[in-house]
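Each remark here refers to the structure printed beneath this line.
Chain identifiers are assigned alphabetically (A, B, ...) following the order of the sequence lines, protein sequences preceding nucleic acid strands; residue numbering begins at 1 within each chain.
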Amino acid sequence: MNGGVKVTATLGSPVLGELPFLDALIEYEMAMHHGMADKFERAIAIPAYGNIPSPILRRMIGGQLIPCCSSPIACHADNTVEYISKRLDVGMADCLDDKKRIKVNMTGGAYKSYHLPFPIQSITHIVWFAVGDRRGIKKSLHRMTSIGKKRSVGYGRVIDWTIEAVEQDWSWFATTQSGIVLMRPLPDCNDLPQDMLGARKDYGAVQPPMWHPSRYMDRVVPC
Amino acid sequence: MNTLTIRCISEALSPITHMQGVSGNEAMIAREPVTTAHGTQWIPFLSGNAIRHRAIREPGVLWLIQAYGLKGIISLAELNFLMHGGNLTESNRAEDTGRIAEMYRTWPLLRLLGGCLPNQILAGSLDVWRGVLVCAENTSVLCNDFGLRDVGLRPSEQWIDGYQYTRSDAKGRALHQTADAGLFPDKKSNTNLMIFNGQCVTRGAVFAHGFTCKAVSDLEIGALLWSLRLWQAGGGTIGGQASRGHGRLKMTLIMDEVLDQDGLCRSYVSHAMSLKDEAVAWLHGAFA
């Protein structure tokens, strides 16, 4: 049964990169479940949005089907930079075949050393507001133990998911005393409220996968 | 196939020098911002990348290299794949599922860690957590995740100290020849000892960390446990200056479910040795 939900992720480590959209996380999980994940590539056009089943409700606006889910909201973030490094271990040179002991270029090519800076956000909680099937959302999130990039080395580890029922629908807009505040990227169209606050025009995706150029369009994003 | 969470408590047996850079001529320990009731504090931590390499990949792969007799017969690309995960150096739109399946069968450790063949990225199934210093500032994470009760932990700064060593430049000091015993430093010349120092986490500090193994078989769990045992048997070091005795950790595993650890390790070792020829053939074939 669809209803308003507030989803909170309690984090045990910093998140690397931008905070993810909940609808994108759930659709990736559902795509994994249906054997449809990792099929999309940047260079190949992807099918129209809506093929992957999701417990989050979708509605039409500006001719586009959009998930009813807000952008990620973090209470406070300490942004900093961490480095991930790699250097070929030349101490293992004696493992190499005599005929294959060559001089290796460490400043370029396949064995280039790196010391890459990554922006990280140290936050304790991320909140999303959505409309959908609470049990379905809970079931999808159950297996998700980490979010963001570089999860294999401990970033974005989720300690706990909390899913609460809420009466208000704050997935796209939140009504305040000053006006209607935009809560997620939406198509730039005439269907948007006239007195909308906290929005700016942009070019990018409004549906998952947010990284794919096929999804790019004129949009408004929260600011 | 199941998902397994392993929590660990590691006690520092010697100063931990897992560094992130220098300030002036002092080496600074790696810290992360932690939000507390008193504002943001910068707390020492162990990176998941370091734990993944030093505690799992390095000991696990070195054991395989020795057990399979690969020393002296592998190429640089193969060594890079085993020790560092490899690089994507060729483009290929085709996925060779047979090659992936064969790697999963013959190299359970690499199935666990993942890697990159010249034309194919292979996802691993292991998430390595960062090491969280057991201190007052990290109380909320430790209570939520490790079931620790708030017992009034010491603040992190009480676990941070410094080290200082000296080194000398032999070329910078005058030598003179004695008739009977060879070259000796000239006692009249000035000493050229150079101090180098830095921060460290003191002995006795404890780090909480763990591993999430997603959809793994018993062989992969065995590979993980076997690698951790090899790491501990080899001193269990993390961070820099291990040659001076720094970075030793004594690790204790905390399992959510009861596992026959000895049995899992034995199964993995037995499996690895029984597929030795096939595993070596796969490695040479993948990098031919």
Counting only heavy atoms closer than 4.5 Å, note whether B/Ala77 contacts chain A via side chain, backbone, both or neither. both
Straight-line distance of B/Glu78 CD to A/Cys95 SG, nearest 0.5 Å: 11.5 Å
Check whether B/His84 reaches the backbone of A/Asp89 with its side chain - one donor and one acceptor, N or O, closer than 3.5 Å. yes
Under 4.5 Å from a heavy atom of chain B, the part of A/Asp160 involved: neither
Looking only at atom types and distance, does a side-chain atom of A/Arg157 sit under 3.5 Å from a main-chain N or O of B/Trp129, one as donor and one as acceptor? no
Neighbour count above 12 (heavy atom, 6.0 Å) for A/Glu18 CD: no
Specify which of A/Pro14, A/Gly12, A/Ser13 makes the most heavy-atom pairs with chain B at under 4.5 Å. A/Pro14
Atom group of B/Phe45 that falls short of 4.5 Å from chain A, counting heavy atoms: side chain
Nearest 0.5 Å, please: how far is CG in A/Leu88 from CE in B/Met83? 9.5 Å
When rounded to the nearest 0.5 angstrom, what distance separates CD1 in B/Ile73 from NZ in A/Lys100? 9.0 Å
Would you mind checking which part of B/Ser75 comes under 4.5 Å of any heavy atom in chain A, side chain (CB onward), backbone (N, CA, C, O), both or neither? both
Name the region of A/Arg87, side chain, backbone, both or neither, that has any atom closer than 4.5 Å to a heavy atom of chain B. backbone
To check you understand the geometry: which heavy-atom pair defines the closest contact between B/Arg130 and A/Val153, and what is its length? CG-O, 4.0 Å
Hey, could you give me the NZ/CG distance between A/Lys86 and B/Asn49, rounded to the nearest 0.5 Å? 11.0 Å
I'd like to verify something: which residue of B/Leu70, B/Leu76, B/Asn87, B/Leu79 has the highest number of heavy-atom pairs under 4.5 Å with chain A? B/Leu76
Measure from the side-chain N and O atoms of A/Ser122 to the backbone N and O of B/Pro33, and report whether any donor-acceptor pair falls under 3.5 Å. yes
Given that the side chain runs from C-beta out, which part of B/Leu62 has a heavy atom under 4.5 Å from chain A: side chain, backbone, both or neither? side chain
Hey, could you give me the OH/OG distance between A/Tyr155 and B/Ser47, rounded to the nearest 0.5 Å? 6.5 Å
So for atom NZ, which belongs to B/Lys214, do other residues, nucleotides or ligands contribute more than 12 heavy atoms lying within a distance under 6.0 Å? yes
So which residue, A/Thr10, A/Thr80, A/Asn79, ends up with the most heavy-atom pairs under 4.5 Å with chain B? A/Thr80
Are there more than 12 heavy atoms of other residues, nucleotides or ligands under 6.0 Å from atom NE2 of A/His33? no
So for atom CD, which belongs to B/Gln66, do other residues, nucleotides or ligands contribute more than 12 heavy atoms lying within a distance under 6.0 Å? no
Interatomic distance, A/Ile159 atom CD1 to B/Cys143 atom SG [nearest 0.5 angstrom]: 10.0 Å
Could you check whether atom CZ of A/Arg135 has more than 12 heavy atoms from other residues, nucleotides or ligands sitting under 6.0 Å from it? no
Looking at B/Arg31 and A/Glu82, is there a salt bridge between them, counting it only when a charged N and a carboxylate O are closer than 4.0 Å? no
Using a 4.5 angstrom heavy-atom cutoff, name the option from A/Asp94, A/Thr145, A/Asp98 with the most pairs to chain B. A/Asp94
Heavy-atom closest contact (A/Ser152 atom, B/Asp127 atom, distance): CA-OD1, 3.4 Å
